[in-house]
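Below, read A as the first sequence line, B as the second, and so on, with proteins coming before strands; counting in each chain starts at 1.
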Amino acid sequence: MTALLTVEHLTMRFGGLTAVDDLSFTAAAREITAIIGPNGAGKTTVFNCLTGFYKPTVGRLTLAHDGGTYLLEQLDGHCIAKDAKVARTFQNIRLFARMTVLENLIVAQHNRLMRASGYTLLGLFGHPRYARAEKEAVELARHWLERTRLTDLADWEAGNLPYGAQRRLEIARAMCTRPTLLCLDEPAAGLNPRESGELNHLLQAIRDEDGVGVLLIEHDMSVVMQISDHVVVLDYGRRIADGPPEAVRNDPAVIRAYLGEEEDEELPPEIVADLGGTP
Amino acid sequence: MALAEPRPPAGMAILPVLRDALAAGFVALALALPMIGFETVDVSGGGLGLETRFGAVAVAVVTVMVGRIALSLIAHGAAVPVLAVSVTVTGFALYRAIGGDTVSGLVGVAAAVLSIRAAIAAWRGLPWPADARLVVPPAVVGLRRALPAAFLALALVFPFLPFVDQRVLDIAILVLTYVMLGWGLNIVVGLAGLLDLGYVAFYAVGAYTFGILADSAGFSFWMALPLGGLLAALFGILLGFPVLRLRGDYLAIVTLGFGEIIRIVLLNWYEVTGGPNGISSIPRPSFFGMPFRASANEGETTFADFFGLEFSPMHRVIFLYFIILAMALVVNAFTRRIRRMPVGRAWEALREDEIACRSLGINPTNTKLSAFAIGAGFAGFAGCFFAARQGFISPESFTFIESAVILAIVVLGGMGSQLGIVLAAIVLIGLPEFLRELNQFRMLAFGAGMVGIMVWRPLGLLAHREPTIRLHPPRGTESRGAEGRGAEGRGAGQ
């Protein structure tokens, strides 16, 4: 197991509020790493630091893959996707609503197409290299449309898609940037059980077939416990547990964080079921 | 006349309808009595007197009541008889109005409005199949496709049409200038979604570039044209840098300020720009070095001599018309191509969601600056043309109202729609010129037109967006495939 992403001593303060406090963990290549924790634990802040939307107060974020080693905290926002190959989705979906599904996926391949079009100049005069690159881009888009069952909706405006399809499109769009690390912010939020089952298969395929590391924020424990290889638990910005799902599920600190300090040790059976155990 | 939408009652009851009509009549009476009932007249020997017009008030009240009853009848499904009666009344009243009867004319207008309402209701009431209204008939699709080509053909032969004299052609040149400016601003506002209220500044930069170069260095139009565009593009980048982080209202305010800065500099930098006096005697464009003059200077051949034509001032106007037509078509062709380039798609993506753009590795700085620069460059070209056409420029021509009009053309045309901008420019620039006969009511008609467009077409005249790329071929008669197709300026530039 090689560490794809290494987070060391990450701290993020907003004025007097410490959203993330001295957090360290690693995410391996070809593995699904889940970050879980109660609301307000700082999960999305970690994502925003990773993807360049915040500059961390303290800490080092190292991403290492075949293409080189990048210090994410020093890169410009757009370079994190362009050079370090980190793609992300958003908790509240951010699609290009008035563009079609296919256009969303083509925009995701912007940098590759930009180079092929000679930074627009060659493309403007109809250079065949751009036509070829665009064709390849459409093929990649078609591949991900098929993987996410959106082929029939390819020419729809993205804003008109049903909710579940929008979630899938966001993942397809992130994958079209050819990432090495895919960060998903609550991808199962608002999905029905059948859809979140499909999501599990999709994410497992992205890990196993495409060899992409997945970093996942999720509240839906059925997703987290079934597919993640590694779980990091945050509470009040601190890491309170780290390990394989089975170990984390039974960790008393985790149970305390989710349920508060309880005097009786017995958990209500439905909560145990939610956590994936047997009552 | 309709005061409000009548509530559709459950069954046909005469009493509520009458009560409704009486209420409407009462409101009409209250309004009409002060507004129509009294007229101020000049009393001989100075001073004003009042005259009463109670007959007209009675006509107005009866018209409103009858109209209200008719609307109730339409709501009850009696649209066809109402249509028949109201059309008859319209015809009769307008016939009397031609004879000089104002009151009949107003009744006729009311009846005409009623006819339209009845016709719409009758049309909706026809026994259509469930989804027939969603299907666009193939003829309409064909028409939409053919429309831009028809426009282009008309534009090419326009100067040679029999009814086109110099005045009409001058208006056409003006409209085309605004079409070009609209297409240029469309890149910034329609595609990249950057609300620019100071666009006229770049127009001014282009015009003054040519003016100053012609005045001090003797540049011709064709030499100054590329420089004007380049300098304006440079100013676009200059404006772009400080506003990179701004969006929406804040961006609008800063660009508005930038437009004013340019105008005030032009007004006060007397040594270079001539201040409020402007720059005059700017040379006219020549046809490959051949001027459009009655007699040639030393060593020159005039256009008319070369082609063996009799000199006519129309030649120059026609030539100017074709220059601006060609420039506008270049802008159009460029826009249509660049929408299919990665940078064009990035502009549109930036308009939709800047944060998502950054997460996909798109550099927002470069993308925004390129939109500003290219949009400004086109305004610079248009400015050069403007200076060459007028032969005289002053800061008066580059006030905020110009920016507002160009922005109005883009918004009313339907953001991002090329053909919509042509239509909007014709409506906003062409019509007011033709309506000069209306005198002081001209701007009123202009305002009413804008309000009308925003009420009936809140997204602009042609609000459809043509996708830049498709996976499946469009399906002509299927409703979903028909959405948003054909409306874009397809073929307008090619």
Checklist line | Between OG1 on residue A:T100 and CG on residue B:L471, distance to nearest 0.5 Å | finding: 9.0 Å

Notebook entry, point to check: So, does B:E352 use its side chain to make a donor-acceptor pair with the main chain of A:R98 at under 3.5 Å?
Noted result: yes

Checklist line | Interface residues of residues 166-174 of chain A facing chain B - non-hydrogen atoms under 4.5 Å apart | finding: A:R173

Note to self: For B:F235, is the CZ atom crowded, meaning more than 12 foreign heavy atoms sit under 6.0 Å from it?
What the structure shows: no

Next item on the list: Count the heavy atoms belonging to other residues, nucleotides or ligands that lie under 6.0 Å from CZ of A:R112, then report whether that count exceeds 12.
Entry: no

Check: How far does CZ of B:R340 sit from CG of A:L113, to the nearest 0.5 angstrom?
Finding: 14.5 Å

Note to self: Would you say that A:F96 contacts B:R351 through its side chain, given a criterion of any heavy-atom pair below 4.5 Å between the two side chains?
What the structure shows: no

Notebook entry, point to check: Side chain, backbone, both or neither: which part of A:L145 has a non-hydrogen atom closer than 4.5 Å to chain B?
Noted result: side chain

Item checked: Max heavy-atom pair count under 4.5 Å with chain B, selected residue of A:L95, A:I106, A:V138 -> A:I106

Note to self: Does A:N92, at its CG atom, have more than 12 non-hydrogen atoms belonging to other residues, nucleotides or ligands within less than 6.0 Å?
What the structure shows: yes

Checklist line | Euclidean distance, B:D353 CG relative to A:M99 CE, rounded to 0.5 Å | finding: 11.5 Å

Check: Looking at A:E157, A:K85, A:E134, which makes the most heavy-atom pairs under 4.5 Å with chain B?
Finding: A:E134

Next item on the list: Could you tell me the separation between the NE2 atom of A:H110 and the CZ atom of B:R345, rounded to the nearest 0.5 Å?
Entry: 11.0 Å

Checklist line | Euclidean distance, B:I362 CD1 relative to A:Q109 CD, rounded to 0.5 Å | finding: 11.0 Å

Checklist line | For the student: nearest non-hydrogen atoms of B:G361 and A:N111, plus distance | finding: O-ND2, 2.8 Å

Margin query: Taking OH in B:Y250 as the centre, count heavy atoms belonging to other residues, nucleotides or ligands within less than 6.0 Å. Is the count above 12?
Written below: no

Note to self: Measuring from atom OG of B:S359 to atom CZ of A:R94, what distance do you get when rounded to the nearest 0.5 angstrom?
What the structure shows: 9.0 Å

Margin query: Non-hydrogen contacts under 4.5 angstrom with chain B: give the residues of residues 49-56 of chain A involved, or none if there are none.
Written below: A:G52, A:F53

Notebook entry, point to check: By a 4.5 Å heavy-atom criterion (distance strictly below it), what part of A:T89 contacts chain B: side chain, backbone, both, or neither?
Noted result: neither

Next item on the list: Heavy atoms only, distances under 4.5 angstrom: which of B:T468, B:I338, B:N363, B:I469 has the most pairs with chain A? Name it, please.
Entry: B:N363

